[in-house]
Amino acid sequence: MAFITRQNIRSLSSSAALRAAIKHVTVIGGGLMGAGIAQVAASTGHSVVLVDTSEDILKKSTKGIEASLKRVAKKKFAEKPEDGEAFVQKVLKNISTSTDAVSVVQGTDLVVEAIVENLKVKQDLFGALDKAAPEHTIFASNTSSLPIADIASSTARLDRFGGLHFFNPVPMMKLVEVIKAPATSQQTFDALLEFSKALGKHPVSCKDTPGFIVNRLLVPYMLEAVRLHERGHGSKEDIDVAMKLGAGYPMGPFELLDYVGLDTSKFIIDGWHEKDPDNPLFAPSPLLNKLVAEGKLGKKTAWVRNLLQTQNVNNSPENT
Ligand SMILES: C[C@H](O)CC(=O)SCCNC(=O)CCNC(=O)[C@H](O)C(C)(C)COP(=O)(O)OP(=O)(O)OC[C@H]1O[C@@H](n2cnc3c(N)ncnc32)[C@H](O)[C@@H]1OP(=O)(O)O
Ligand SMILES: NC(=O)c1ccc[n+]([C@@H]2O[C@H](COP(=O)([O-])OP(=O)(O)OC[C@H]3O[C@@H](n4cnc5c(N)ncnc54)[C@H](O)[C@@H]3O)[C@@H](O)[C@H]2O)c1
């Protein structure tokens, strides 16, 4: 039986205040991860602005969110499909889009960044946002592999900066790694934990170390599968089947690389290799490099091709 003490009441009310504090969320990057984060935040009653670099990309992101919401609704409202349609429309109403990050952060409580895995690009973005966002706004990066402290160094709000690392596909994966960099305040960290819970996720606390928990284990494993194949010790198909049936993983390492994105996986391993060139776990893979150079990025390749085609159509003389 739980006794109500003054301390309990204080901690309950401060956690309620933190939960209430994050109402408006700006998600930057409408790709694989950003679209999923926006969807989950909007589904849990947050008001969301999704930002990307072009209207075409944002249209694709919104279509992707709608398709994913329909999959969720099909299960959640199996008995009452009309409630499912109402749910989809209600969630979509919570999401607006923009190509101007600086102007939209002026009214936001939390910025979650999910753009390309490149330190300089992330620093430039946060440096610009820092000047425009209100004092209370918390900044968080969904980086897979970069130090949160390095990204935060382009801002003057080191205490209000942390990591929120989601997993792909965001609507399905329950985990969020919440990262406390050395300068992240306890209040910010608590607010990020509460926000993750408000999304219906299970947060774990992480230090600001390379790959946090999951990727520090998962990325070397996926790369070792590629090396195993490069050594001629197994076909891609057999390696995938082996890890699914022999280790109980839902996807084999090649399927997972395809799902995560070969470009993102390459950014991660190249960055770690640069910092720790003697670590064999971080050795670059010639096969991965070749596929990325050929524009074969995995599952997202079809999406990117589709987008480029749309842009060509929009830019064609008939449409100008
Ligand atoms: C690198 C980064 O920094 C970190 C990372 O993100 S690492 C990657 C972490 N992710 C993983 O390891 C994913 C491993 N894979 C899985 O867990 C599962 O394969 C999976 C959840 C993706 C799909 O489940 P699975 O049963 O294999 O396949 P599938 O039949 O397609 O999906 C089952 C149901 O899940 C749901 N679902 C799957 N993806 C969905 C999505 N994007 N949106 C909504 N619902 C979805 C649907 O309800 C679907 O049923 P439906 O097909 O009737 O709509
Ligand atoms: N793919 C995964 O499984 C996964 C999982 C967890 C974390 N992450 C991390 O999340 C981030 C995004 O990964 P992703 O897979 O969604 O990438 P993605 O390539 O699918 O999407 C990135 C999006 O960001 C947009 N973008 C780039 N620069 C921008 C800018 N300055 N302003 C606004 N938008 C910009 C791009 O147009 C693109 O739509 C990366 O840091 C990645 O490491 C990825």
Side-chain angles (χ1 to χ4, degrees), residues 21-38 41 46-54 57-58 61 96-166 170 176-193 195-196 206-212 215 263-264 267-268 270-272 274-275:
I22 295 178
K23 283 203 160 82
H24 186 291
V25 183
T26 300
V27 179
I28 313 212
L32 276 180
M33 296 306 291
I37 297 166
H46 298 85
S47 158
V48 179
V49 182
L50 180 61
V51 179
D52 209 301
T53 50
S54 80
I57 297 179
L58 286 166
S61 311
S96 57
T97 59
S98 171
T99 53
D100 183 1
V102 167
S103 74
V104 297
V105 293
Q106 284 163 15
T108 206
D109 303 314
L110 172 69
V111 173
V112 184
E113 166 274 315
I115 66 169
V116 62
E117 187 72 346
N118 176 296
L119 180 60
K120 170 87 175 60
V121 180
K122 288 186 194 283
Q123 284 175 333
D124 287 350
L125 172 72
F126 277 118
L129 299 184
D130 192 32
K131 297 182 185 78
E135 275 296 299
H136 79 280
T137 306
I138 294 177
F139 286 179
S141 175
N142 181 52
T143 179
S144 298
S145 64
L146 299 167
I148 297 297
D150 289 1
I151 304 173
S153 68
S154 63
T155 73
R157 62 179 78 210
L158 302 185
D159 57 327
R160 281 150 290 148
F161 206 120
L164 272 182
H165 185 222
F166 291 83
V170 183
V176 178
E177 292 179 326
V178 182
I179 298 111
K180 192 171 190 292
T184 310
S185 72
Q186 190 60 39
Q187 198 185 352
T188 298
F189 183 68
D190 290 343
L192 293 176
L193 282 177
F195 175 67
S196 308
C206 294
K207 293 269 166 57
D208 194 12
T209 56
F212 318 122
N215 283 346
D263 51 343
T264 299
F267 286 134
I268 298 173
D270 286 354
W272 290 349
E274 205 180 305
K275 288 204 160 169

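Just so you know, these numbers use all the heavy atoms, side chains as well, and skip hydrogens, waters and symmetry mates. Numbers here simply count residues along the sequence, with the first being 1.
- Shortest non-hydrogen contact noted between I28 and A101 is CD1-CB, 3.8 Å.
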message: Assess the residue pair Q186 and K180 against the criterion (side chain to side chain contact (heavy atoms under 4.5 Å, CB included)); give the C-alpha distance rounded to whole Å, side-chain angles, the decisive distance to 0.1 Å, and a yes or no.
response: CA-CA 8 Å; Q186 190 60 39; K180 192 171 190 292; 3.2 Å; yes

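- Checking T264 against E117 by side-chain atom types alone, no donor-acceptor pair falls below 3.5 Å.
- Separation of atoms CG (L110) and CG (L164) is listed at 6.5 Å; rounding is to 0.5 Å.
- With a 4.5 Å cut-off on side-chain heavy atoms, F139 and E113 do not count as touching.
- Across every non-hydrogen atom of S141 and I151, the tightest pair is OG-CD1, 3.6 Å.
- Nearest heavy atom pair, residue A181 against residue I148, reads CB-CG2, 4.1 Å.
- Here the side chain of D130 pairs a donor or acceptor atom with the backbone of A156 at under 3.5 angstrom.
- Nearest heavy-atom pair across A140 and L192 is CB-CD2, 4.4 Å.
- A 4.5 Å side-chain heavy-atom check between V51 and T26 finds at least one atom pair inside the cut-off.
- Using a 4.5 Å heavy-atom threshold, the side chains of L58 and L50 count as touching.
- Remark: the backbone N or O of T184 is not paired with any side-chain donor or acceptor of D159 at under 3.5 angstrom.
- Considering only heavy atoms from C-beta on, Q187 stays 4.5 Å or farther from R160 through its side chain.
- Atom CD in Q106 sits 10.5 Å away from atom CG in L129 (nearest 0.5 Å).
- Of all heavy-atom pairs between I115 and K122, the closest is O-NZ, 3.1 Å.
- Panel note: side chain S54, backbone I57; a donor-acceptor pair is recorded below 3.5 Å.
- Rounding to the nearest 0.5 Å gives a distance of 7.5 Å between CG of D208 and CG of D150.
- Side-chain contact check for F195 versus I138: every heavy-atom pair is 4.5 Å or farther apart.
- Residues K275 and P147 are in side-chain contact: their nearest non-hydrogen atoms beyond the backbone lie under 4.5 Å apart.
- Residues V48 and S96 are not in side-chain contact: their nearest non-hydrogen atoms beyond the backbone lie 4.5 Å or more apart.
- In this structure, CG in L193 is found 11.0 Å from OG1 in T188, a value given to the nearest 0.5 Å.
- Within the 3.5 Å criterion, the main-chain N or O of S145 finds a donor-acceptor partner in the side chain of W272.
- In terms of heavy-atom proximity, I22 sits nearest to A191 at CD1-O, 4.0 Å.
- Considering only heavy atoms from C-beta on, I37 comes within 4.5 Å of N142 through its side chain.
- Here the CD-OG1 distance, from E177 to T143, works out to 11.0 Å after rounding to the nearest 0.5 Å.
- In this structure, the side chain of S61 engages the main chain of G30 through a donor-acceptor pair within 3.5 Å.
- Rounded to the nearest 0.5 angstrom, F161 CZ and T137 OG1 are separated by 12.5 Å.
- Side-chain N or O atoms of N215 include one that pairs as donor or acceptor with a backbone N or O of S144 at under 3.5 Å.
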